Amino acid sequence: MKTLIRAAVITAALSIPMAMNAQQATRVNPFFESYGTKYDIPPFEKIQYSDYLPAVEKGIAERKAEIKAIAENKAQPTFDNTILAMEKSGQLLNRVMRVFGSLNETDNTPEMQQLSEVILPMVSTASDEISMDPKLFARVKSLYDRRDQLGLEPYQKRAIELSYKSFVRNGALLNASEQQKLMEVNKKLTDLFLKYNKNLLASTNSFELVVDNKADLAGIPAGIVATAATEATSRGKDGKWVFTLHAPSRLPVLKYADSRDVREKMYKGYINLASQAPYDNRPIIGDIVKLRARKAALLGFKDFASYMTDNVMAKTPQAATELLMQIWEPAVNRAHEEIAEMTEYAKAEGKDITIEPWDYYYYAEKVRAKKFALDENEVSAYFSLDNVRKGIFTLAERLYGVKFTEMPDAPKYNPEVTVYDVTDAKSGEHVAVFMTDYFPRATKRQGAWMDELKSSFVDPDGTVERPIIYNVGNFTRPTGDTPALLTVDEVETMFHEFGHGLHGMLSRAKLRSQSGTATDRDFVELPSQITEHWALEPELLKDYAFHYKTGEVIPTELVNKLQAASTHNQGFTTTELAGASLLDLAWGALNPAEGDVIDVDAFEKQVAEKLGMPKQIAYRYRSPYFKHVFGSDGYASGYYTYLWAEVLDTDGFELFAQKGIFDPETARSFKENILEMGGSEDPMELFVKFRGHKPSVDALLRNRGLIPSATPAQGGDIKPQGGK
């Protein structure tokens, strides 16, 4: 009843005004009819806030009816009348939620936040009802029990196995009372995720570091200062400079500001993000952890981390932890060496200081400049955003034979979005639609990501549906006559997200549920992370890294410096990443009682002390802004997957390095065995088909410079079965 009341209020608040002309009166909800656009791109300009809720309600009703028909089918269960039928169900709901989900992350206005509070719990509840339908589960179980006798193709057998496991993981084997408890837990978790994300966005936007003394800007690049002046003006603070917590503003302050006071204020603003009233996420985290522990117990798991890792390559949290600890010790050892180097540098400048967390970026940059004579401002001049975009497109054409043509008249959800038609370079066949959205907005969440507005599949009748994929970033904006100039980190991020994009665009999986990035969480980062390796390869740089003023290609000397410096500061980078991964697993192993008070700060400190984490380094994300883990269940007890997948990507790229980074046969093998397959087969089997052997952690440690290139690491192969 509460949901219905809230829905009615929001529908009224967002409805079309009563005074409508005849055309408005006959208006059809865009989700209720064919889009009528090229490649079925959503007609964003026609979609109103008031369209979402009716479309979701109708979509849920249609899907319920479709599922009911499947569940009550009297015919013996077959792959087509059960698994494939479920795949095809809920098309309206899928269409509207793809659009809603996209805009909820990229344009999270107050109206979208209101809608989220109603829509997301509705969808979660409807999903639970399907997952716990006993008749539907009986059909899936029948197929699962007979899967070896049905003469299935590998992708079909895998679909049945994953479907069965999904039902079990979502409560199909529980009794009615237990299922009701699980549904209540899921509903509460959805509400808490909404509150967490709302707090995080509001806290991020509420922070501002105001500088009114020009002397305090010393060391910060001119372009960043100009952006800060523009930001100040937009906030009614003419003549001052405003820096925000968004990465293009925050990181240059930490790396370049000579004022230690300014660096400290920025660092503490970030490290305390969403940790103070009225946007304090710590109480929410406590509730999430308790509910997750209850959910895991209901489903028969030791703890939430065991529940989450059971469904991916790692299989157990112990296997994930083993991998992380193989990386942890070399990373911390290198971090202590870096701290010693920075301390010596500061002393040489006459500053007798103890390196603090707000000093790390600054002195790491100073040491890098001294050791490698590398000026990041000089480097960024060769990496305008448009040139880097040309680089990723050149990479895709040379490796995988696809080209990108802008579609200027295509619908877009924001004026800053650019849309491309992706085609086969030889045949001209349409492959995908690709969208990019690269600049920060107050309504866009931080970070960078890839997602899809439409997935791909191949129908048994031969019909092929191609995907609509998009990349989102929060990169440095252009200022005045200067284009957006990217840091090396931003360049690598663009390549990373494009790798995810390629996984989605090039998929040839037959089922939606197996297409593109619909694969094990600890495998999904392989295509993205391996793509980063091309960013600074000289053979590609000559095709895209041109000075934004002179047009000169990046000099060989500068490329050599970049490559020489590529492992600089990897102790810090690896320690903060591995530390966050281990913190995430520690949260997942916690089983608090209902009445326990969870002290988030104390727990983080306890984990750091147990690990021996250097005091100069914080977790990459502290819990109150660890959106991967507490903004949804997406990466919960799974943040380790970035390092797990790096074992795969570094081992995999060594094959390209041996054969040639654009070797046609190696590229073909990667495309066919990894990118096109999606989740159609077991991920380790796919990797071995491409690489020829199981991966080892050695390649990661070599790539990060944490062991000499000729020294084998201890620990051997990555252990996908928990060491068994």
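Keep in mind that what you see is a predicted model, and the values were worked out from it rather than measured. For the single chain, residues carry numbers from 1 onward in sequence order.
- A distance-only check finds no donor-acceptor pair linking the side chain of Ser203 to the backbone of Asn199 [under 3.5 Å].
- Judged by distance alone, the side chains of Asp303 and Ser306 do bring a donor and an acceptor atom under 3.5 Å apart.
- No more than 12 heavy atoms of other residues, nucleotides or ligands shown are found within 6.0 angstrom of NZ on Lys195.
- Here Glu681 does not pair with Arg158 in a salt bridge; the nearest charged N to carboxylate O distance is not below 4.0 Å.
- Residues Leu643 and Ser581 approach most closely at CD1-OG, 4.4 Å, considering heavy atoms.
- We find that Lys68 and Asp133 are not joined by a salt bridge, their nearest charged nitrogen and carboxylate oxygen being 4.0 Å or further apart.
- A heavy-atom distance below 4.5 Å is not found between the side chains of Gln156 and Ile160.
- Within 6.0 Å of atom NZ in Lys302, 12 or fewer heavy atoms from other residues, nucleotides or ligands are found, so the atom counts as exposed in its surroundings.
- Not counting sequence neighbours, the partners of Arg622 by the side-chain hydrogen bond (donor to acceptor under 3.5 Å, both in side chains) test are Asp601, Glu604.
- Note: Phe630 and Tyr196 have tilted aromatic rings, judged against thresholds of 30 and 60 degrees for the angle between ring planes.
- The shortest side-chain heavy-atom distance between Leu182 and Lys295 falls under the 4.5 Å cut-off.
- Within the structure, the side-chain hydrogen bond (donor to acceptor under 3.5 Å, both in side chains) test picks out the following pairs touching residues 268-277 (sequence neighbours left out): Glu264-Lys268.
- Looking at Asp310 and Thr316, their side chains never come closer than 4.5 Å, going by heavy atoms from C-beta outward.
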Trace of the side chain to side chain donor-acceptor pair (under 3.5 Å) decision for Ser528 with Glu525: CA-CA 5 Å; Ser528 57; Glu525 296 297 333; 3.0 Å; yes
Stepwise ring pair (Phe, Tyr, Trp, His ring centres under 6.0 Å) check, Tyr639 with Phe626: CA-CA 10 Å; Tyr639 193 65; Phe626 206 163; 4.9 Å; yes
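- With contacts defined as side-chain heavy-atom distances shorter than 4.5 Å, the pair Lys181/Leu174 does not qualify.
- For Ala580 against Tyr621, the heavy-atom pair with the smallest separation is CB-N, 4.3 Å.
- Taking the charged nitrogens against the carboxylate oxygens, Asp633 and Arg292 do have a contact shorter than 4.0 Å, which makes a salt bridge.
- The CG atom of Leu291 sits 7.5 Å away from atom CD of Glu594, with the distance rounded to the nearest 0.5 Å.
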Phe687 vs Phe523, ring pair (Phe, Tyr, Trp, His ring centres under 6.0 Å): CA-CA, chis, key distance, verdict: CA-CA 9 Å; Phe687 181 85; Phe523 186 72; 7.6 Å; no
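- A 4.5 Å side-chain heavy-atom check between Tyr635 and Tyr640 finds every atom pair outside the cut-off.
- Taking the six-membered ring for Trp, Tyr52 and Tyr49 have ring centres at least 6.0 Å apart.
- Counting all heavy atoms, side chain and backbone alike, Ala293 lies closest to Leu590 at CB-O, 3.9 Å.
- The side-chain contact (heavy atoms from CB on, under 4.5 Å) with Ile60 is formed by just one residue from the set Ile119, Thr125, Ile130, Leu93; it is Leu93.
- Considering every non-hydrogen atom in both Leu511 and Leu84, the closest pair reads CD2-CD1, 3.9 Å.
- Counted within 6.0 Å of CD on Glu184, heavy atoms from surrounding residues, nucleotides or ligands total more than 12; the atom is thus considered enclosed.
- A salt bridge between Lys187 and Asp128 is absent, with no side-chain N of the basic residue lying under 4.0 Å from a carboxylate O of the acidic one.
- Contact check for Pro357 versus Ile271: no side-chain heavy atoms found under the 4.5 Å cut-off.
- A 4.5 Å side-chain heavy-atom check between Lys694 and Met684 finds at least one atom pair inside the cut-off.
- Side-chain contact check for Glu105 versus Lys444: every heavy-atom pair is 4.5 Å or farther apart.
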